Amino acid sequence: MDNFPLNIVTDHSTPRAETRRSLSPFDGWCLGLVGDIETLAPGFLLHVLKSSPKWRQSLFTALAFGILDRPDDFVLKATARTCEDLDWRSVVRVLADALRSMSARDIITATLGVAPHALAGSLSKIGMQPLRSADCYRKLVTVLVASDADSRARAKTLMQLNRLDSELLEVVLLIDSIALFPEIIMRVRCRADARFLTGIIAAIRVVSDVTDEAIRQSLDARKIGFRSHEFADAWLSKAHRLPPVSDALQQHSEFTRVTPASAEEVGRAFNNCMRTKMNLLVTGVWSAWVWAPGDVIAALTKFDEGIVLSGIHGRSNGDVPPAVAHRLRETLSALGVLCLTRSEVPEVLRPLTMGRWDSFELDELEFG
């Protein structure tokens, strides 16, 4: 960071020229604070309305760090003047006069004691409106002055953005550090999406043994036009460390678990859309198992009470012979899987089902 002397203002007789000719209104949390100063120092609000984005954002930063709570401290740092003989209202007037005479960097230096590296550039990207809260300014300064590697990476990304607002700041602070690419930040845009992408990256680490560098390279390759869902789908097909379902089933020679990596191949073999179920297969709550003796797929669903056979699917969604289904149920039951038998619809009520009940399953596997 750059260090500057605290006593930096030598002439308060004429306001600095960091102003705009047109008036630019603003709102938010700092409007009331500027109004408090205006009440005691008329004309201050007009000065703010005419100020440049950089000067205005420096003022908002100073307000966020509480210069109105101890205005005498700010005046002392900025002008070397003590205000012990003045009441609070008079000190605020002196504060207003000092602010109007100071440059943007002078305001930051008097507020923080130093001018953090790149803060001026970051503030100039915000524009005329304040960030959503005073805490946003404090978070911005905190990340810019921090010396740890993670904070430095986030600060670098902030400097690479061509604009900055509250949501982008939150994204940079929240997102997994290996996704700190300006192009991705601009595509993610909000806190919810940042949490979603960070969750995807965390899940990838769980279901595969891929390195962070490999994930980072994948993000780098996809950063232009980045879409979180497409990124997740690309990594789903590589998932191989799936949550366990049943040790007995896993070790049984007649059953082969369908994984995200094998889903497309199984889908082609059975002429179904198993490849679209990768996001379910990776959870372990829903799993699919190819049963070789019957040439069918057994769909299992995990409940707190146990594992339930929730569907039996033949090739091309063809009918599964009752004898095959019966033998599969017996085999699964012996392995601890709950195989529920659906009650039949009374014959007198069957016409009212319009034929829909005949094909009803706990799971519906779409076929195409």
Side-chain angles (χ1 to χ4, degrees), residues 9 12 15-79 81 83-84 86-113 115-116 119-120 122-145 158 163-173 190-191:
V9 179
H12 294 284
R16 296 291 292 261
E18 295 188 49
T19 57
R20 297 159 50 93
R21 291 184 178 181
S22 59
L23 302 183
S24 296
F26 65 94
D27 55 17
W29 61 272
C30 54
L31 181 58
L33 299 177
V34 173
D36 292 340
I37 299 176
E38 170 70 19
T39 301
L40 301 174
F44 183 77
L45 176 58
L46 179 62
H47 183 83
V48 178
L49 293 175
K50 295 170 64 177
S51 65
S52 67
K54 184 169 65 173
W55 190 93
R56 183 181 295 199
Q57 292 299 333
S58 296
L59 171 66
F60 295 159
T61 302
L63 293 173
F65 276 83
I67 63 169
L68 279 184
D69 296 332
R70 293 297 302 273
D72 51 333
D73 284 351
F74 182 89
V75 171
L76 178 62
K77 292 175 181 178
T79 69
R81 173 181 175 179
C83 300
E84 296 176 355
L86 301 177
D87 60 21
W88 183 84
R89 298 166 65 89
S90 299
V91 176
V92 172
R93 294 189 187 97
V94 175
L95 171 71
D97 289 340
L99 286 169
R100 281 184 284 198
S101 303
M102 298 169 72
S103 69
R105 190 163 87 166
D106 289 345
I107 294 174
I108 293 299
T109 305
T111 300
L112 304 177
L119 179 58
S122 297
L123 292 176
S124 66
K125 299 174 185 179
I126 299 174
M128 304 304 290
Q129 291 296 323
L131 296 177
R132 181 171 45 240
S133 67
D135 192 48
C136 288
Y137 287 92
R138 294 190 287 268
K139 288 179 178 179
L140 175 61
V141 171
T142 298
V143 74
L144 291 178
V145 302
L158 285 170
R163 63 185 179 85
L164 185 61
D165 57 31
S166 301
E167 289 292 343
L168 286 174
L169 174 61
E170 292 290 349
V171 169
V172 172
L173 297 179
C190 69
R191 287 176 292 178

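None of the values given here were measured: they were computed from a predicted structure. The basis for the numbers below is simple: all heavy atoms, side chains too, and nothing from hydrogens, waters or symmetry mates.
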Evaluate the ring planes of His47 and Trp55, with Trp represented by its six-membered ring, and classify them as parallel (under 30°), tilted (30 to 60°) or perpendicular (over 60°).
perpendicular
If I take atom [atom1] from residue [X] and atom [atom2] from residue [Y], how far apart are they, to the nearest 0.5 angstrom?
X: Cys30; Y: Gln57; atom1: SG; atom2: CD; result: 8.0 Å
X: Ile67; Y: Leu33; atom1: CD1; atom2: CG; result: 9.0 Å
X: Ile126; Y: Asp165; atom1: CD1; atom2: CG; result: 9.0 Å
X: Ser24; Y: Lys50; atom1: OG; atom2: NZ; result: 11.5 Å

Taking every non-hydrogen atom, the tightest pair across [X] and [Y]:
X: Glu38; Y: Phe44; result: OE1-N, 3.0 Å
X: Ala115; Y: Arg105; result: CB-CG, 4.2 Å
X: Met102; Y: Ala98; result: CG-O, 2.8 Å
X: Met128; Y: Pro53; result: SD-CG, 3.2 Å
X: Thr111; Y: Ile107; result: OG1-O, 2.7 Å
X: Val141; Y: Pro116; result: CG1-CG, 4.4 Å

Under 4.5 Å between any side-chain heavy atoms of Leu173 and Leu140, yes or no?
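Of all side-chain heavy-atom pairs linking Leu140 with Leu173, none is under 4.5 Å.
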Passes side-chain contact (heavy atoms from CB on, under 4.5 Å), Leu144 versus Ser122? Steps please.
CA-CA 10 Å; Leu144 291 178; Ser122 297; 4.1 Å; yes
Applying ring-ring contact (aromatic ring centres under 6.0 Å, His included), can you list everything that pairs with Tyr137, at least two apart in sequence or on another chain?
Trp29
Excluding sequence neighbours, so at least two apart, what forms ring-ring contact (aromatic ring centres under 6.0 Å, His included) with Phe74?
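None.
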side-chain contact (heavy atoms from CB on, under 4.5 Å) partners of Lys125, counting only residues at least two apart:
Leu164
Partners of Asp135 by side-chain contact (heavy atoms from CB on, under 4.5 Å), sequence neighbours excluded?
Ser133, Arg138, Lys139
Option from Val75, Asp106, Leu59, Val48 for which side-chain contact (heavy atoms from CB on, under 4.5 Å) with Leu99 holds
Leu59
Starting from the C-alpha separation in whole Å, work towards a yes-or-no answer on side-chain contact (heavy atoms from CB on, under 4.5 Å) for Glu170 and Cys136.
CA-CA 8 Å; Glu170 292 290 349; Cys136 288; 4.3 Å; yes
Verdict with supporting geometry, Arg81 and Leu76, side-chain contact (heavy atoms from CB on, under 4.5 Å)
CA-CA 5 Å; Arg81 173 181 175 179; Leu76 178 62; over 6 Å; no
Would you sort out whether Ile108 and Leu123 count as a side-chain contact (heavy atoms from CB on, under 4.5 Å), showing the intermediate values?
CA-CA 11 Å; Ile108 293 299; Leu123 292 176; 4.0 Å; yes
List, one per line, each side-chain donor-acceptor pair under 3.5 Å for residues 88-96, sequence neighbours excluded.
from, atom 1, to, atom 2, distance (Å)
Trp88, NE1, Leu68, O, 3.4
Ser90, OG, Asp87, OD1, 2.8
Arg93, NE, Leu40, O, 3.1

By side chain to side chain donor-acceptor pair (under 3.5 Å), which residues pair with Glu167, not counting sequence neighbours?
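Arg132.
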Restricting to salt bridge (Lys or Arg N to Asp or Glu O under 4.0 Å), what partner residues turn up for Asp72, sequence neighbours left out?
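If we apply the salt bridge (Lys or Arg N to Asp or Glu O under 4.0 Å) test to Asp72, skipping adjacent residues, the hits are Arg70.
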